[in-house]
Amino acid sequence: VVVATPGEPELLEAWWPGLLARSQRVRSWPLRTRHVREVSLYRLPPEAACGTVAYRPTPFERAMEAAAEGRCPDALALCAEHREAGGGVPPDLLSLEARCHYALGDPERARVLLEQAVRQRPDDPVILFNLGMLLLRSGRPEEARSLWRRALALDPWDTDLARALAGDLR
């Protein structure tokens with residue numbers, strides 16, 4: 001079972017009281033999205049499985065895990081596998097690819113990918129924040145601040161954005 005926070009653990013508990021307490025948390029991935037801060041994968045106890053087929057993570061989920069473990073070349077290969085399987089090219093995939101390209105020393109490719117993600121989802125403060133950080137590190141602070149102001153207008157409670165605009169992030 002994959003659970004995103006906030007909200008979904010409470011829903012599962014309401015439907016199946018005690019299910020998560022009896023389940024084994026296999027892995028968690030921190031996320032910075034507008035509504036989700038963490039995604040967790042739980043292994044259900046055998047009595048709750050009800051004969052279901054074993055879950056197989058998608059190439060995108062495996063790419064997220066590889067990137068979290070610092071295996072960026074593997075993550076990029078899994079992103080390509082996701083595309084080839086007809087999974088499309090959502091902004092989250094572009095952001096993950098950008099993160100990997102940046103980590104591998106290709107900030108220009110990372111910038112192109114993040115700009116493409118912004119075109120697809122212009123009201124996503126996380127993507128705007130990440131592109132702003134990349135621009136700041138590329139010596140373009142005014143463009144970064146412009147993106148952060150736009151992102152902060154979308155998510156005024158984001159403390160990272162507020163700190164970035166105050167000049168506390170590098």
Side-chain angles (χ1 to χ4, degrees), residues 1-12 25-43 54-138 140 143-144 146-165 169:
V1 174
V2 177
V3 179
T5 57
E8 285 185 357
E10 293 81 10
L11 275 174
L12 280 174
R25 187 179 194 166
V26 176
R27 177 98 178 148
S28 289
W29 297 273
L31 289 181
R32 274 189 39 98
T33 68
R34 192 172 194 173
H35 302 290
V36 177
R37 296 295 181 201
E38 178 180 90
V39 174
S40 297
L41 176 64
Y42 288 87
R43 181 171 293 124
Y55 177 75
R56 292 186 49 171
T58 67
F60 178 72
E61 290 166 326
R62 293 187 350 249
M64 283 179 44
E65 186 170 330
E69 294 170 355
R71 297 183 294 114
C72 288
D74 294 341
L76 289 171
L78 288 162
C79 288
E81 184 181 323
H82 177 82
R83 289 174 186 242
E84 290 167 10
V89 188
D92 297 327
L93 180 76
L94 295 168
S95 294
L96 181 60
E97 289 174 325
R99 172 182 165 189
C100 290
H101 281 288
Y102 186 83
L104 293 170
D106 190 355
E108 182 59 26
R109 178 72 179 135
R111 181 189 58 76
V112 168
L113 289 164
L114 285 173
E115 287 174 347
Q116 188 178 348
V118 167
R119 282 193 298 278
Q120 286 186 23
R121 197 184 293 154
D123 62 346
D124 188 321
V126 174
I127 297 172
L128 294 169
F129 174 82
N130 291 338
L131 180 55
M133 287 302 295
L134 189 124
L135 291 173
L136 178 70
R137 291 175 180 158
S138 299
R140 297 160 64 181
E143 291 175 72
S146 174
L147 288 170
W148 292 335
R149 280 190 290 274
R150 200 168 123 198
L152 197 58
L154 295 163
D155 187 0
W157 301 277
D158 190 316
T159 56
D160 288 336
L161 283 167
R163 286 179 44 225
L165 278 168
L169 296 180

| message | Rounded to the nearest 0.5 Å, what separates atom CD in Glu84 from atom CG in Leu78? | response | 11.0 Å
| task | Mark yes or no for whether Arg99, through its side chain, and Asn130, through its backbone, hold a donor-acceptor pair below 3.5 Å. | result | no
| message | As an exercise, state the distance from CZ of Phe129 to CG of Asp160, rounded to the nearest 0.5 Å. | response | 5.0 Å
| note | When every non-hydrogen atom of Leu128 is compared with those of Ala151, the smallest separation belongs to CB-CB, 3.8 Å
| Sequence neighbours excluded, which residues qualify as side-chain contact (heavy atoms from CB on, under 4.5 Å) partners of Arg149? | Arg145, Ser146, Leu165
| said: Looking at every heavy atom in both Leu134 and Ala110, which two are closest together, and how far apart are they? | reply: CD1-CB, 3.6 Å
| task | With the side chain counted from C-beta on, respond yes when Phe60 and Asp92 share a heavy-atom pair under 4.5 Å apart, and no when they do not. | result | yes
| query | When you check the gap from the basic side-chain N to the acidic O, do Asp124 and Arg121 get nearer than 4.0 Å? | reply | yes
| field | Minimum heavy-atom distance Ile127-Leu114, with the two atoms named | value | CG2-O, 3.9 Å
| Expected output: side-chain Glu81 to main-chain Ala63 donor-acceptor under 3.5 Å | no
| said: Rounded to the nearest 0.5 Å, what separates atom CE in Met133 from atom CG in Leu161? | reply: 10.5 Å
| field | Atom pair CG/CG of Leu131 and Leu136 - distance to nearest 0.5 Å | value | 11.5 Å
| note | What one should report as the nearest heavy-atom pair of Ala67 and Cys100 is CB-SG, 3.9 Å
| request: For Arg111, enumerate each residue passing the salt bridge (charged side-chain N to carboxylate O under 4.0 Å, His left out) test, keeping only those at least two apart in sequence or located in another chain. | output: Glu108, Glu115
| query | Hey, does Val118 have a side-chain heavy atom less than 4.5 Å from the side chain of Leu147? | reply | no
| task | Might you point out which heavy atoms bring Glu143 and Leu135 nearest each other, and give the distance in Å? | result | CB-CD1, 3.9 Å
| note | So CZ of Arg109 and CD of Glu97: to nearest 0.5 Å the spacing works out to 7.0 Å
| task | Look up atom CG in Asp106 and atom SG in Cys72, then write down how far apart they are to the nearest 0.5 Å. | result | 12.0 Å
| field | Nearest atoms (heavy-atom pairs only) where Pro125 meets Asp155 | value | CG-CB, 3.8 Å
| field | Partner residues of Asp74 under the salt bridge (charged side-chain N to carboxylate O under 4.0 Å, His left out) criterion, sequence neighbours left out | value | Arg71
